[in-house]
Structure formats: C-alpha cells, structure tokens
Amino acid sequence: MSGAFDLSDAPLDLAALAGALDSASAGACVTFEGRVRNHNEGKPVVRLAYQAYAALARAEGERIVAEAHERYAIEHAACVHRVGTLAIGDVAVWVGASAAHRDAAFAACRYVIDEIKRRVPIWKNEFYADGESGWLHPDGTPVDDGAAR
Amino acid sequence: MSGAFDLSDAPLDLAALAGALDSASAGACVTFEGRVRNHNEGKPVVRLAYQAYAALARAEGERIVAEAHERYAIEHAACVHRVGTLAIGDVAVWVGASAAHRDAAFAACRYVIDEIKRRVPIWKNEFYADGESGWLHPDGTPVDDGAAR
Amino acid sequence: MKFKLLYFASLRDRAGRDAEAVESQAADPRALYAEVDARHGLGLAPERLRVAVNGQFATWDRALADGDEVVFLPPVSGG
Amino acid sequence: MKFKLLYFASLRDRAGRDAEAVESQAADPRALYAEVDARHGLGLAPERLRVAVNGQFATWDRALADGDEVVFLPPVSGG
C-alpha cells in the first residue's frame, strides 16, 4: 500500500500513475482527473493554489484508499493530489482504480475522490480575473461568505 | 462529434485519446479502460480476438456517445474499441468523458461502456490455455453452452 | 431476389464463411434465416439473434428487397 | 504548557503566520481556540472547524499535554 496516496508539488505524470494500476487479472481500470477550471460560481478563475497539512493529509489519504480496498473487490487503487500554484487545465487530483470487473473499479474510484474532497486537509485558494482571491468551501462556495446556502 | 466512436486494429494511444477530452471549462475527466484479463469463468485465457460488423458498430457507437451528450452535462465523450487479436493486458476498449462536474463525467463514462457492451455488434473469441476457444455472451458465458444461466 | 449475407462470430464458424451471395424468395429476414439455418446448421435460435438490413437494425418481418445486405447478429460481447 | 500551532487557509491569512509557539494553560483544544481566536480574530466559529493534535484528528475536549502540536482545520476544499 506504500504510495497509495501522495502529495506532489510538481505536475503529475499521468502515464506513470496509470501504469501502477496494471495487472494481468484486472479487466477494468477507471481513472478520475480533477482539473483546474476557468470558472467557478460564475467567476472567471485565472489560477489557484492548494495548501495541505501534509502529515495528516497523507495519513487520511492512505486511510481512504485502504477503505476502498475493504469495500470493493479492486486490485489496485491510488491517488495523488497537487499542492502549490496551478494554472487552468492543470491536473489537481488524480485517482485510479483497477479491478477484475468494472462495477468495483467505478465504485472505488468514485469513493476515493468523494472522500478525499470531504476529509483530507487540503485547501483551495482561487485567484479571479478581477484580482480578488478566496478560500473555498468543499461545495465551491467562499468560506468568507457568511450567508447560508 | 466526428470520431466520437471508432474501431482500431492497432494498439490504442491512450495519451492522445485523453488529450481529446481537454477543455478549459472541464473540471472532471473520467476514463475507463477494458483490458484483456488472464482468466474468465475460472479458465486461463492466453489471448483473444474481436470481430466487428464495422459499419453498424460505428453507427451504433456514435449513437451511444450522442445519447450520453443528451443525458449528461458533459463537454466531451469518446470511445475506441479494438478489433483483431489482443494479448493479455492489452486495452480492448477505452471510454473517456469530461465535464464541469464529476457526477456527469462518471455517469456518462459508465453509460457509454454499459451500452457499448450491450448494443454494439462486436464479438469476443477467447483462446484458452488448453487450446480451446469460444465465442462469448455479453455476460462472459460461452455462446455454445446450451444451458440457461 | 439476390441477397448478400455477412456472418460473424459463431455463425461464421458454423457457416464456414464470412459472407455469401444467396438467391432466395424469402419475403423477410425470418424466412431467410430459416433457409440458411437449414443449410448451414447455424446453431442459434432466431430469438437469440438480432437482424440488420443494409447496415441498420431491422425487425424480423421487415420486407426484403433485391440486393439487400442481411446480417444475423449473435449476442454481442464487446468491451 | 507550550504548544505548537499551525495555521492553514483562511486561518493563516487572519493570523498572519503559518505557525506559532504558544504558552497557555488551556486544558483542551476548545479553550486554546478561544484564546487564539480572541488574539487573532480568526473569523470562523469552532463548529465550522475540526481539530488535529499531533497529526491526528482529535475531539475538542481532548486533554492537551505540554509540547502538543495543535491545528485548527477550516472546512477542506481539495480535489
């Protein structure tokens, strides 16, 4: 399970990551890439930065991948999350899961990205075209916007 | 939508396929790879061959990708299916979908592979370690096995 | 009428060919399949097949015309 | 007791630092947060935060010990 979850301050090598999922008995491989979008909540985004509490993020990320193995009949699963400054189109997070059958591969990939977004201490700061920036909630709404949504 | 579905008698260039999903507004990209497994129904598989009724397969594949666009808020979707002889580990089918949000990307990718397997006139012939071979049903059971399952 | 038939998968193995030109008075795919099944012993009941005419899925009682390409499709297993 | 605090995201911006050493008699994270919030004006009620002690998620009434690393975690937004 070593390297099942990692943080990276450099662009992700997607081919190398996918290669780690290979297995002669795995008939299905599902991957998820989360990319930096050029907009959020209707505002143009020019770049963003991720901060992580690295020690806890790694531990919680490894725990999530281990949970995926317990819940689904998968062969391999892995996730890498970027930290630092990213540009539009950069891959911010990558998840991959392989399994004998596609049900398990889809379910495990979805489980990992959902739990990563919900539980891992990583924060996204968006920089907008108007020069403003702001830390985001898990649902993509600003932290400093006091109104309940 | 041109090239949304294709048949290929050569190994798939996965990086090139994934590149076609890129979009500055797509925050989520989900891919599925179906690979040749080394076993099926408990029998060791050494290689397999796909036959396709090419004209109808292309038309039905394009229709399925178009349906995914109608059903889900995706930006791009594509699928390529191999024909001819494949070895263990080769990618037999690739599906990719990109969208602003991951719900749509996961759902569209799953829809396309499920419908491809259900509707597109492509047939898999497995060659086993014991020298036998056999055409398969959609559920992975042999065509010539008369018993209902 | 003359028809062009294509064979795939187990039907190709049973028929021993991937295509053939057939002269027949069959009015629809159902009647045509009965003829070629009797000749080749194709081994699959029509309820387990689909049929395509001129590159499109068709019904078993579709009227056939001279020159049609008719394909009987075993259960698919792509992916 | 001496604690090491780390700040992330909006709390880092409000505190104007990413870490600080704090001398405090706070018995648990709840009391410690009240102190640093009063000093820095961190802007988030504790109900919206989680807390970690020595690199593991912890409860707000966990007993603190001298030398603990304490981190108040804003709502996460990775992915």
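Chain letters run A, B, ... following the sequence lines, proteins first, then strands; residues in each count from 1. It should be emphasised that the depicted structure is a prediction, and the values quoted were computed from it without experimental measurement.
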(request) Go through B:His81, B:Arg82, B:Arg119 and name the one with the most non-hydrogen pairs under 4.5 angstrom from chain C. (result) B:His81
(message) Please classify the contact between C:Leu6 and chain B as side chain, backbone, both or neither, with a heavy-atom cut-off of under 4.5 Å.
(response) side chain
(request) Measure C:Ala52 against the heavy atoms of chain B and call it side chain, backbone, both or neither at under 4.5 Å. (result) side chain
(request) Could you look at B:Ala52 and say if it's the side chain, the backbone, both or neither that has a heavy atom under 4.5 Å from chain C? (result) backbone
(message) Taking the side chain as everything from C-beta on, heavy atoms only, tell me whether B:Ile122 gets closer than 4.5 Å to C:Phe8.
(response) no
(request) Determine whether more than 12 heavy atoms belonging to other residues, nucleotides or ligands lie under 6.0 Å from atom CD of C:Gln56. (result) no
(request) Of all the heavy-atom pairs spanning B:Pro121 and C:Leu73, show the shortest one and how long it is. (result) CB-CD2, 4.2 Å
(request) Counting only heavy atoms closer than 4.5 Å, note whether B:Tyr50 contacts chain C via side chain, backbone, both or neither. (result) side chain
(request) Grab the two heavy atoms, one from B:Lys117 and one from C:Gly79, that are nearest each other, plus how far apart they are. (result) NZ-C, 3.7 Å
(request) Could you tell me which residues satisfy side-chain contact (heavy atoms from CB on, under 4.5 Å) with B:Asp13, sequence neighbours excluded, listed by chain and number? (result) B:Ala15, B:Ala16
(request) State the CZ-CH2 distance between C:Arg12 and B:Trp135, to the nearest 0.5 angstrom. (result) 7.0 Å
(message) Distance check, rounded to the nearest 0.5 Å: C:Tyr7 atom OH versus B:Gln51 atom CD?
(response) 13.5 Å
(message) Using a 3.5 Å distance criterion without hydrogens, assess whether the side chain of B:Trp123 forms a donor-acceptor pair with backbone atoms of C:Pro75.
(response) yes
